[in-house]
Amino acid sequence: MDGRRPSQIRNINTRLGLNRNAEGSCYIEHGNTKVLCAVYGPYEGKASKRLENRCSIVCQYSATTFSGLERKNRPRGDRKSTEISRLLEKAFESVILTDSFPRSQIDIFCEVIQGDGSNLAACINAISLALADAGIPMKGIASAVTCGVIEGKPIVDLTSREETDLLPRVTLATISGRDEVVLVELQNRLHIDHLNTVMETAKSTCADVYECLAVVAQQHIRACAPILG
């Protein structure tokens, strides 16, 4: 609808280190989708969440009441927000080297300021850069994309107008643009004949998104190097 090619992602803009009270933070824009993320920790967590052999990851996803076309009564704590929070926790338990911080906890707060489609993918990309800003050791930078199918053809990086209730779409996240998948979420039914095509298109696009995120992380590290000595 906005004139992009089916395999073309929207423009990605980022800023790191905005929140000085957090160990790491990131603001990211995927087109008109805008996400703010902050990372706190690792620190000694609550006894109920403490694990002896690894670090526990606690994620809180929320969206502002004015983020979408319709006003929300509850910015967080509803069923959808809780489900996305659990998905993010499970994904980054596979990305972060949790065994480096036993008996500790890392808190991740992710808020959608403006939602224009592919919100979950934008959150994953924002969290990856915030973790890199915090210096948390990871297997690699996780990159994600939402891919839909229209008339049998895969369309990547969907906007809110393209995310119709009947459109089958897959959100996929991989590590460092490789084939190592850390998250797959399917919305609506997808015919098995289209599954391989959609997955391969999503993996290829994740690699493209990773290239963008890696450049941002490298530039940020070089900018911080004189400060860190």
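- Applying the ring-ring contact (aromatic ring centres under 6.0 Å, His included) rule to pairs touching residues 101-120 yields Tyr40-Phe109, sequence neighbours excluded.
- No donor-acceptor pair under 3.5 Å is formed between the side chain of Ser94 and the backbone N or O of Val182.
- Leu18 CG to Cys37 SG: the interatomic distance, rounded to the nearest 0.5 Å, is 11.0 Å.
- Glu163 places no side-chain N or O within 3.5 Å of a backbone atom of Gly117 that could act as its donor or acceptor partner.
- Shown here for Tyr210 and Ser143, the closest heavy-atom pair between the two residues is CB-OG, 3.5 Å.
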Less than 3.5 Å apart, which donor and acceptor atoms pair up between the side chains of residues 198-205 and the rest of the protein, not counting sequence neighbours?
from	atom 1	to	atom 2	distance (Å)
Thr201	OG1	Thr197	O	2.8
Thr205	OG1	Thr201	O	2.8

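- With sequence neighbours excluded, the residues that form a side-chain hydrogen bond (donor to acceptor under 3.5 Å, both in side chains) with Asp107 are Tyr43, Gln105.
- Here the side chain of Ser104 pairs no donor or acceptor atom with the backbone of Glu44 at under 3.5 angstrom.
- Checked by atom type and distance alone, the side chain of Asn32 never pairs as donor or acceptor with a backbone atom of Gln114 at under 3.5 Å.
- In terms of modelled atom types and a separation under 3.5 Å, the side chain of Lys34 and the main chain of Ile28 share no donor-acceptor contact.
- Salt bridge annotation for Arg4-Glu162: present, with a cationic side-chain nitrogen under 4.0 angstrom from a carboxylate oxygen.
- Side-chain atoms of Asp133 come within 3.5 Å of backbone N or O of Ser25 as a donor-acceptor pair.
- Judged by distance alone, the side chains of Thr33 and Asp116 never bring a donor and an acceptor atom under 3.5 Å apart.
- With rounding to the nearest 0.5 angstrom, the OG1 atom of Thr174 is 9.0 Å from the CD atom of Glu180.
- A donor-acceptor pair under 3.5 Å is absent between the side-chain atoms of Glu52 and the main chain of Pro102, judged by distance alone.
- Distance alone, capped at 3.5 Å, is enough to place a donor-acceptor pair between the Asp157 side chain and the Arg10 backbone.
- With rounding to the nearest 0.5 angstrom, the CG atom of Leu183 is 7.5 Å from the CG atom of Leu88.
- Surrounding CZ of Arg178 are more than 12 heavy atoms belonging to other residues, nucleotides or ligands, all under 6.0 Å away.
- Side-chain atoms of Asn188 come within 3.5 Å of backbone N or O of Leu167 as a donor-acceptor pair.
- Atoms CG and NZ, on Leu120 and Lys80 in that order, are 9.5 Å from each other to the nearest 0.5 Å.
- Here the shortest heavy-atom pairing between Ala132 and Met138 reads N-CE, 3.9 Å.
- Here Glu89 pairs with Arg86 in a salt bridge; the nearest charged N to carboxylate O distance falls below 4.0 Å.
- Side-chain atoms of Ser118 come within 3.5 Å of backbone atoms of Leu158 as a donor-acceptor pair (strictly under, hydrogens ignored).
- Thr171 and Thr146 are linked by a side-chain donor-acceptor pair at a separation below 3.5 angstrom, with hydrogens and angles left out of the test.
- Using a 4.5 Å cut-off between side-chain heavy atoms of Ile, Leu, Val, Met, Phe, Trp and Tyr, with links allowed through other members, Val35 and Val95 fall into the same hydrophobic cluster.
- Within the 4.5 Å cutoff, the side chain of Leu195 has no heavy atoms near those of the Asp193 side chain.
- A distance of 7.0 Å separates CD1 in Ile84 from CD in Glu185, rounded to the nearest 0.5 Å.
- To the nearest 0.5 angstrom, Ile108 atom CD1 is 7.0 Å from Ile106 atom CD1.
- Within 6.0 Å of atom CG in Asn53, more than 12 heavy atoms from other residues, nucleotides or ligands are found, so the atom counts as buried in its surroundings.
- Looking only at side-chain heavy atoms (C-beta outward), Cys59 and Ile127 come within less than 4.5 Å of each other.
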